[in-house]
Amino acid sequence: MSQEIEIKVPDIGDFSDVSVIEVLVSAGDRVEKETSLITLETDKATMEVPSPQAGIIKAITVKVGDKVSEGSPIATLDVTEQTATPERTKPAESKTENTVEKTDKPQQKHPLSPLTQKASEQTQSQNDTPRGDLHAEVVVLGAGPGGYTAAFRAADLGKKVILIERYPTLGGVCLNVGCIPSKALLHVARIITEAEEVENLGITFSKPKISLEKLDAWKKTVIHKLTKGLDTLAKQREVKILHGTGQFVSPHMLQVITESGSKSVSFDNCIIAAGSSVNRIPGLPYDDPRIIDSTGALKLEKIPKHLLVIGGGIIGLEMATVYAALGSKISIVEFMDQLIPGADADLIKPLYKRLKKRYEAIYLNTRVTNINAKKSGLTVSFEGENAADPQTYDSILMATGRHPNGFKIGAESIGIQIDDKGFIRVDNQLRTNFSHIFAIGDIAGNPMLAHKATYEGKLAAEVIAGHKVAFDARAIPSVAYTDPEIAWMGLTEREARQQGIDYEKVSFPWAASGRAISMARDEGLTQLIMDKKTRKILGAGIAGVNAGELIAETMLALEMGADMEDIGLTIHPHPTLSETVFFAAEIAEGTITDLFVPKKTR
């Protein structure tokens, strides 16, 4: 006997006219009780509608983009004795959790376009797919901060996990040749610089003797300690590590080239965390060992007398900070009209003013047109508003940014959607257009930051485990570990203007901070951007010593929906640099006593 029933949208609370963002089954599909049929999205949550019984889908009456409410028909199900099956041991949850759409990453917010019927069938029929030499419920491609976080979280949630990494150690670019080693060297640079500058306070040290060999060895111990820790964490969680280069060969299979040969790795779910690579300017003589990228700069093979840094962004300026402290004379060339173009100009002024005194030259609105490699040095020609005559340098650091590795893993060959820059398109649950394949970190969109990747890694693992979660961060902080540091989060003033937001900005100068003055580093500032009507914080920027540590308070304020009164009534320890956030909020409220600010009407 058989019986046709109409499946309708169940009670979804107070919501109506909810968007259908994904249809998970097709006519003719056999489903079990609690199998998810469609995914709905409100302005606060995503939820899946499960099948009330087992059976065969006769018809789907909704499509992506439709609006539905409680009681709206979505499918017809043929229920038969033959197809009736026991309930799943882990049914899909119908419970929803409140989420807030991320406002500064439009790439992650779109209904995904369906692929071919063949791809849809491959995605849905996981039990019928071929098994590889190795198989796991979750395979993570790439073991950088996002990748290993995703792998460990998935394992903690009870999944069998394989983590694929092309390099001999875990941690990716960030831990091995990026964030961690650069910060280790920046710590040394700061000590050297402070020792030099304290002479103005009456304390004189002799010129430091620098052993590059010992410095490099110490840097490597920092990296080794962290990578060894990751190996231990993987073993404790029984995450299998496979070292090799992975390529997609089907929607459920990767081919991994290892030192011992090729291995096929099949999966129920995959998280792509394959990162990014260094950009290169076409036509330059990269085969010359005197032209290095950030990885080469971190090797500390020698300290050039004259170093040109091409690119005035975060990476270039951080490495310039290191080499300037170690003795190089630095020149910077930047194509845009300011250093660190993503930050507000007000924040960059203290940094620019300090670097102008310490560096040989800073060329803005300028680009390199040619590098003539000679035995005596690298002669560089410039073009632009502030172009200088050709100059000769001992070495050149290329710091022109990074690009995603979307086209390097065979993703396009199986139909994964990739934009023309190499970013894999994902929704707010980090799903690609294949519902069982996720992408996180650099490869999934800007900003290319480790802390964004780790946040996304946890989220992707939790979605796979059945949690009803979505990307809900209201902002992602950025930090340049220069001297002084530059940090910002949320809306910049430029973005607020572009979006037509009625905002107000307040700035507290560190020249009025007792702590900053006592450190002889009063060049900084702390600024807050708020909604002019509600007084809620929209963004913040800090320029000064330890700005990267201080920005966290403003991030929490944004996530908690704090207004200026909330911050201004929070007692901060004195004397500290953290007070500068408090003082800025007091300026906004008109209650500050540490500065005289003429009253103004709102």
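The residues of the chain are indexed from 1 along the displayed sequence.
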Using a strict threshold of under 4.0 Å (side-chain N to carboxylate O), is an ion pair present between Lys468 and Glu48? yes

Of all residues at least two apart in sequence or in a different chain, which pass the side-chain hydrogen bond (donor to acceptor under 3.5 Å, both in side chains) check with Ser578? Thr576

Polar side chain donor-acceptor pair, Asp133 to Ser264, under 3.5 angstrom: yes

Where does the angle between the aromatic ring planes of Phe434 and His436 fall among parallel (under 30°), tilted (30 to 60°) and perpendicular (over 60°)? perpendicular

Distance-only, no hydrogens or angles: does the Asp427 side chain make a donor-acceptor pair with backbone N or O of Leu430 under 3.5 Å? yes

Evaluate side chain to side chain contact (heavy atoms under 4.5 Å, CB included) for His403 paired with Phe423, printing each intermediate quantity in order. CA-CA 8 Å; His403 64 272; Phe423 288 117; over 6 Å; no

Would you be so kind as to tabulate the donor-acceptor pairs closer than 3.5 Å made by side chains of residues 458-466, with sequence neighbours excluded?
unit_1	atom_1	unit_2	atom_2	d
Glu462	OE2	Arg153	NE	3.0
Glu462	OE2	Arg153	NH2	3.1

Please check if the side chain of Asp344 supplies one atom and the backbone of Arg494 the other of a donor-acceptor pair under 3.5 Å. yes

Hey, could you give me each pair passing side-chain hydrogen bond (donor to acceptor under 3.5 Å, both in side chains) that has a residue in residues 547-561? Not counting sequence neighbours. Glu553-His572

Is there a donor-acceptor pair closer than 3.5 Å between any side-chain N or O of Glu137 and the backbone N or O of Lys160? yes

Please check if the side chain of Thr149 supplies one atom and the backbone of Gly146 the other of a donor-acceptor pair under 3.5 Å. no

Residue set satisfying side chain to side chain contact (heavy atoms under 4.5 Å, CB included) with Met336, at least two apart, ordered chain then number -> Glu334, Pro341

Just jot down the salt bridge (Lys or Arg N to Asp or Glu O under 4.0 Å) partners of Asp156, sequence neighbours excluded, or say none. Arg237

Could you check whether any side-chain N or O of Thr35 sits under 3.5 Å from a backbone N or O of Val31, counting only pairs where one atom can act as donor and the other as acceptor? no

Salt bridge present between Asp268 and Lys159 (N-O < 4.0 angstrom): no

How about OH on Tyr167, more than 12 heavy atoms from neighbouring residues, nucleotides or ligands closer than 6.0 Å, or not? no

Using every non-hydrogen atom in the two residues, find where Ser435 and Glu22 come nearest and quote the distance to one decimal. CB-OE2, 3.4 Å

Judged by atom type as modelled, is there a donor-acceptor pair below 3.5 Å linking the side chain of Asp531 to the main-chain atoms of Lys533? yes

Does Asp66 have any salt bridge (Lys or Arg N to Asp or Glu O under 4.0 Å) partners at least two apart in sequence or in another chain, and if so, which? Lys63

Quick check: Phe508 with Phe582 (ring centres under 6.0 Å apart)? no

The salt bridge (Lys or Arg N to Asp or Glu O under 4.0 Å) partner of Glu504 among Arg535, Lys532, Lys536 is Arg535

